[in-house]
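One structure is given here, and the rest of the page talks about it.
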2 protein chains.
Amino acid sequence: MARDSKNTNGDRYAPGLDEVSLAIIEQLQEDGRRPYAAIGKAVGLSEAAVRQRVQKLQEQGVMQIVAVTDPLTVGFLRQAMLGVTVDGDVEPVADALAEIDEVDYVVIAAGSFDLLVEVVCQDDEHLLDLINKRIRALPGVRSTESFVYLKLRKQTYTWGTR
Amino acid sequence: MARDSKNTNGDRYAPGLDEVSLAIIEQLQEDGRRPYAAIGKAVGLSEAAVRQRVQKLQEQGVMQIVAVTDPLTVGFLRQAMLGVTVDGDVEPVADALAEIDEVDYVVIAAGSFDLLVEVVCQDDEHLLDLINKRIRALPGVRSTESFVYLKLRKQTYTWGTR
DNA sequence: CTTCATCACTTCGGATTGCATTGCTAACGG
DNA sequence: CCGTTAGCAATGCAATCCGAAGTGATGAAG
């Protein structure tokens, strides 16, 4: 396989991210606990080589292996997406939002919102407090719009394996 | 441990989801590959019991253990959030959207959008085609608004461990 | 009260896997 | 030509995984 495990991609990937690493990621998107040896057989590497790559990918922040759930199913939580518009530079506002514990997802976007922010709360009161007292109060935040989650319908991570 | 591993929660959780299972999920949110024995020591169960619970949680669809990445970092992708408004019943539209491969996230929400839909595409043309020809064409979809992702700033799954 | 079934957990042993180490090869720069 | 670095394969031992079997508690039926 892959005599050219060097980049053939014109630097569109993160450094050191070749097609072999992509194949490893695909394997782990299907099952995060798949043994290294099985992955190695699938991508044409030894067990140790796979392990080293996985470790490096995680250290670089390219990939993380975690349990994901539907917070609403797990119970004690209210969840919402916030559309945020910003005055001035977007990045510092994104950074400030990212530091809030209840915020689990921050994306800088193009469109009628500058930022999309997903939040997880204990209950409605907690959510209200978070939005009004802590998020709207941030310097640079011009306005927010809330979309409270009613039901999670799909949540997949296997887009790498289409 | 926990003489009352029966529900003390008034049915707010999915069936069979007690505080021990929550503790297991927390462990795996920190590290999806943590050994069962280590988890068992942390939550006060034997290795085998943890293994049985994790298996059941995955079978029930409560939890999945996967690799997650930033698609934009991995390279060959355009990503966006779509706000969708619907005529009539929302659920069948959500189902139809969930069946599309490029759609990785579907939430039924309250607010000026009925649905929030995250999509992952190869490039701009692919995205355009998906939105105009396949999503807007779905029966029941009244309108869509797009937020193209510029940069992912935060993505965590450890909300269970605050 | 007894019996039977179920459920969650534990214990146990063998098979598998993870991991640190070692050595090999190729690529690069002086 | 030599030294350095990086990535991978191979090896051996410890740790982990996994299926099977056993135990005790609970609840329902006779």
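We name chains A, B, ... by the order of the sequence lines, and we start the count at 1 in each one.
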Which part of the nucleic acid, if any, lies within reach of A:A49 when heavy atoms closer than 4.0 Å are counted: base, sugar-phosphate only, or nothing? sugar-phosphate

Is it true that B:E91 and A:R153 have a side-chain N and a carboxylate O under 4.0 angstrom from each other? yes

Please determine, for the side chain of A:P35, which listed nucleotide (D:dC18, C:dT17, D:dT16) has the closest atom? C:dT17

Please work out if A:R33 contacts a base, only the sugar-phosphate, or nothing of the nucleic acid, heavy-atom cut-off 4.0 Å. sugar-phosphate

Send over the distance from B:E47 CD to C:dT17 C1', rounded to a whole Å. 13 Å

Could you tell me, to 10°, how much the axis swings from one end of the helix from C:dC1-D:dG30 to C:dG30-D:dC1 to the other, five pairs per end? 30°

Mind calculating the distance between NZ (B:K41) and P (D:dC17) to the nearest angstrom? 13 Å

Map B:R51 and A:A38 onto DNA chain C by nearest heavy atom, then report which one ends up closer to the 5' terminus. B:R51

If I take atom CD in residue A:E59 and atom C1' in nucleotide D:dA6, what distance separates them, rounded to the nearest angstrom? 15 Å

When rounded to whole Å, the CD1 to C1' distance for the pair A:I39 and C:dT16 reads 15 Å

Measure across A:E47 and A:A37 and return the closest heavy-atom pair with its distance rounded to 0.1 Å. CG-N, 3.9 Å

On the nucleotide D:dC8, are OP1 or OP2 found under 4.0 Å from the side-chain N or O atoms that A:R53 carries? yes

Roughly, in whole Å, what's the span from CG in B:L17 to P in C:dA8? 13 Å

Select one nucleotide: of C:dT11, C:dC19, D:dC17, the one nearest the side-chain heavy atoms of A:Y36. C:dC19

Transitive ILVMFWY cluster of A:L127, excluding itself - 4.5 Å side-chain cut-off: A:L82, A:V84, A:V86, A:V90, A:V93, A:L97, A:I100, A:V103, A:V106, A:I108, A:L115, A:V117, A:V119, A:L130, A:I131, A:I135, A:L138, A:V141, A:V148, B:L150

Salt bridge between B:R142 and B:D87, side-chain N to carboxylate O under 4.0 Å? yes

Applying side-chain contact (heavy atoms from CB on, under 4.5 Å), can you list everything that pairs with A:S143, at least two apart in sequence or on another chain? A:T85

Ionic contact status for A:D70 with A:K154, cut-off 4.0 Å: no

Within the 4.5 Å heavy-atom criterion, are B:E102 and B:V120 side-chain neighbours or not? no

Nearest-nucleotide wise, let me know which of A:K56 and B:Q52 is further upstream toward the 5' end of DNA chain D. A:K56

Which nucleotide in D:dC8, C:dC9, C:dC19 has an atom nearest any side-chain atom of A:L45: D:dC8

What is the distance from CD of A:Q55 to C1' of D:dC8, rounded to the nearest Å? 15 Å

Mind calculating the distance between CD (A:Q60) and C1' (D:dA6) to the nearest angstrom? 14 Å

